[in-house]
Colleague: 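I'd like to ask you about the structure that follows.
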Amino acid sequence: EKTRTSFSTKINDLVAKYRTVDEDFFEELEEILISADVGVNTVMEMIDELEMEVKRRNIKDTSQVKEVISEKLVEIYYGNDEAEEVEGLNENPDGPTVYLFVGVNGVGKTTTIGKLAHRLKSEGKKVTLAAGDTFRAGAIEQLDAWGERAGVNVIKHSAGSDPAAVIYDGIQSAKSRNADVLICDTAGRLQNKVNLMNELSKVKRVIEREIPNAPHEVLLVLDATTGQNAMSQAKTFSEATDVSGIVLTKLDGTAKGGIVLAIRKELSIPVKLVGLGEKVTDLEPFDAQAFVYGLFA
Ligand code: GDP
């Protein structure tokens with residue numbers, strides 16, 4: 001809603017100001033998209049395509065360009081992928097599904113795990129959480145509290161212990177309880193990339209060894225309000241591990257929802273979930289078409 005209010009007001013003002021399509025119109029449109037965090041490279045490419053399309057269809061009236069803009073935004077999100085549908089979380093048909101969460105402190109990782117646990121539990125699934133962030137003060141207690149709120153099992157060790165050992169215990173517990181889903185938290189220290197890589201690869205090795213084809217998702221949590229900072233975190237984490245999906249939190253707190261498109265386009269990682277508030281129910285699967293068309297609603 002925040003992104004829509006800001007974006008649609010600007011687009012409507014632009015359409016009213018220009019009426020007929022010309023160079024200046026596209027230049028201002030470019031600025032609007034960049035200010036919504038769509039990402040400079042993505043915007044440049046989009047404007048070029050938009051200009052061609054407008055010429056091809058012989059559109060003169062700026063109000064007709066709106067439709068082409070939304071078409072292009074959806075196209076940009078999906079790229080060459082045919083799948084124009086919500087990209088949900090992978091599941092393991094033969095045992096516990098394992099989701100590994102990564103991301104720096106403060107982005108909303110613990111909250112998201114709590115929300116996801118609640119969602120899966122209310123779908124009737126048996127969920128176990130593993131408190132693998134043994135580094136950040138209070139992280140274990142916070143996850144424990146979320147687990148209690150969602151009514152799911154939490155496997156934890158003491159602060160400072162080996163994250164891989166916690167995850168190992170989480171896996172054993174999930175297997176013995178016949179859990180459907182194991183969600184693993186990890187520490188998010190970006191200061192030392194080598195440590196981060198070592199820790200994540202050790203945790204992943206344990207998961208891979210214990211459950212074939214796991215983890216079924218490595219979900220990187222990013223804070224939508226941090227703009228280009230989120231992009232650089234995404235780059236660092238994708239170098240450290242194979243990120244399969246993004247959870248973009250705090251989308252409720254920004255008018256710059258264009259970051260969704262930039263992430264998908266520039267990093268080729270799908271946005272799988274979005275955080276829309278602090279409540280346990282404020283987590284939704286990301287639907288790119290609904291998002292883009294909603295901007296113009
Ligand atoms: P972590 O350090 O990554 O585990 O971050 P936390 O889960 O502790 O979250 C940090 C802060 O962000 C908390 O105050 C959360 O309530 C808040 N937060 C998390 N997700 C969202 C969201 O989608 N929207 C809003 N508005 N706040 C969020």
Side-chain angles (χ1 to χ4, degrees), residues 1-6 37 89 99-120 127 129-150 152 154-157 159-160 163 166-167 170 182-192 195-196 199-200 203 217-227 229-234 236-238 240-241 243 245-260 263 271-287 290-291 294:
E1 186 170 341
K2 251 198 190 147
T3 303
R4 172 177 47 221
T5 311
S6 154
D37 267 353
L89 299 179
Y99 298 143
L100 181 63
F101 271 78
V102 301
V104 304
N105 291 341
V107 291
K109 194 154 44 79
T110 316
T111 308
T112 302
I113 293 175
K115 290 173 179 174
L116 183 62
H118 171 82
R119 176 179 270 268
L120 295 169
V127 181
L129 307 181
D133 184 354
T134 58
F135 184 74
R136 175 166 74 84
I140 299 171
E141 292 73 20
Q142 206 186 331
L143 194 77
D144 210 20
W146 272 109
E148 206 161 297
R149 217 170 302 166
V152 305
V154 181
I155 300 303
K156 56 184 191 252
H157 289 189
V166 183
I167 304 297
L182 171 70
I183 308 179
C184 305
D185 195 7
T186 60
R189 280 170 286 171
L190 261 195
Q191 295 83 341
N192 186 333
N195 272 355
L196 174 80
E199 186 167 309
L200 289 180
V203 164
E217 294 280 359
V218 177
L219 296 167
L220 170 63
V221 184
L222 297 174
D223 177 341
T225 64
T226 62
N229 220 336
M231 286 294 289
S232 77
Q233 285 168 21
T236 307
F237 274 92
S238 359
T241 188
V243 176
I246 303 282
V247 181
L248 196 62
T249 61
K250 310 187 196 179
L251 207 53
D252 54 303
T254 178
K256 300 184 165 200
I259 184 88
V260 169
I263 288 171
V271 177
K272 296 219 165 175
L273 297 165
V274 287
L276 300 168
E278 294 187 272
K279 292 198 304 293
V280 69
T281 48
D282 293 331
L283 183 76
E284 293 290 334
F286 180 65
D287 181 340
F291 177 79

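Both ligands and their constituent atoms are indexed starting at 1 by order of listing.
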Colleague: If I compare all heavy atoms of G103 with all of L220, which pair ends up nearest, and what's the gap?
Modeller: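 It is CA-CD1, 3.9 Å.
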Colleague: Between E284 and ligand 1, which part of the residue brings a heavy atom under 4.0 Å of the ligand: side chain, backbone, both or neither?
Modeller: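 Near ligand 1, E284 shows nothing, with every heavy atom at 4.0 Å or more.
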Colleague: If only atom types and distance count, is the side chain of S6 paired as donor or acceptor with the main-chain N or O of K2 below 3.5 Å?
Modeller: no
Colleague: Any donor and acceptor pair, going by atom type alone, linking the side chain of T241 with main-chain N or O of F237 inside 3.5 Å?
Modeller: no
Colleague: Which part of V104 is near ligand 1, with near meaning a heavy atom under 4.0 Å away: side chain, backbone, both or neither?
Modeller: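 Backbone only.
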Colleague: Starting from atom 22 (C) of ligand 1, which protein heavy atom do you reach first, and at what distance in Å?
Modeller: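 Minimum-distance protein heavy atom for atom 22 (C) of ligand 1 reads G277 O, 3.1 Å.
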Colleague: For D185, which of L100, D133, V166 qualifies under side chain to side chain contact (heavy atoms under 4.5 Å, CB included)?
Modeller: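 So the option named by the test is D133.
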Colleague: If we set the cut-off at 4.0 Å for heavy atoms, which region of V221 has an atom near ligand 1: side chain, backbone, both, or neither?
Modeller: neither
Colleague: Identify the protein heavy atom lying closest to atom 3 (O) of ligand 1, giving its residue, its atom name and the separation to 0.1 Å.
Modeller: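 Ranked first by proximity to atom 3 (O) of ligand 1 is K109 N, 2.7 Å.
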Colleague: How far is atom 5 (O) of ligand 1 from the closest protein heavy atom, and which atom is that?
Modeller: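 Here the closest protein heavy atom is G108 N, 3.1 Å.
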Colleague: Judging by distance only, is a nitrogen or oxygen of D252 under 3.5 angstrom from one on ligand 1?
Modeller: yes
Colleague: Which atom pair, heavy atoms only, marks the closest approach of L182 to G170?
Modeller: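 Heavy-atom minimum between the residues: CD1-O, 3.8 Å.
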Colleague: Rounded to the nearest 0.5 Å, how far does NZ of K272 lie from CG of L248?
Modeller: 15.0 Å
Colleague: If the cut-off is 4.0 Å to any non-hydrogen atom of G275, which atoms of ligand 1 fall inside it?
Modeller: 23 (O)
Colleague: Out of G106, A187, G188, whose heavy atom sits nearest atom 1 (P) of ligand 1?
Modeller: G106
Colleague: Nearest protein heavy atom to atom 8 (O) of ligand 1, by residue and atom, and its distance?
Modeller: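 Ranking protein heavy atoms by distance from atom 8 (O) of ligand 1, first comes Q142 NE2, 2.8 Å.
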Colleague: What part of V107 sits under 4.0 Å from ligand 1 if we count only heavy atoms: the side chain, the backbone, both or neither?
Modeller: both
Colleague: Starting at OG1 of T249, measure out to CG of L276 and round the result to the nearest 0.5 Å.
Modeller: 10.0 Å
Colleague: So which heavy atom in the protein is nearest atom 7 (O) of ligand 1, and how far is it from that ligand atom?
Modeller: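 That would be T111 OG1, 2.5 Å.
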Colleague: Would you check whether E278 has a nitrogen or oxygen atom less than 3.5 angstrom from a nitrogen or oxygen atom of ligand 1?
Modeller: yes
Colleague: Do the side chain of K109 and the main chain of T186 share a donor and acceptor less than 3.5 angstrom apart?
Modeller: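 Yes; judged by distance alone, with no hydrogens or angles, the pair exists.
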Colleague: Checking a contact table here: which protein heavy atom is nearest atom 18 (N) of ligand 1, and how many Å away?
Modeller: K250 CE, 3.8 Å
Colleague: Within a distance under 4.0 Å of any heavy atom of N105, pick out the atoms of ligand 1 and give their elements.
Modeller: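 This gives 2 (O) as the contact atoms.
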Colleague: Where do D144 and K156 land on the side chain to side chain contact (heavy atoms under 4.5 Å, CB included) test, with the steps shown first?
Modeller: CA-CA 8 Å; D144 210 20; K156 56 184 191 252; 2.8 Å; yes
Colleague: Please determine if R119 and E284 form a salt bridge, counting it only when a charged side-chain N lies under 4.0 Å from a carboxylate O.
Modeller: yes
Colleague: To the nearest 0.1 Å, how far is atom 4 (O) of ligand 1 from its closest protein heavy atom, and which atom is that?
Modeller: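 Protein heavy atom with the smallest distance to atom 4 (O) of ligand 1: T110 OG1, 2.5 Å.
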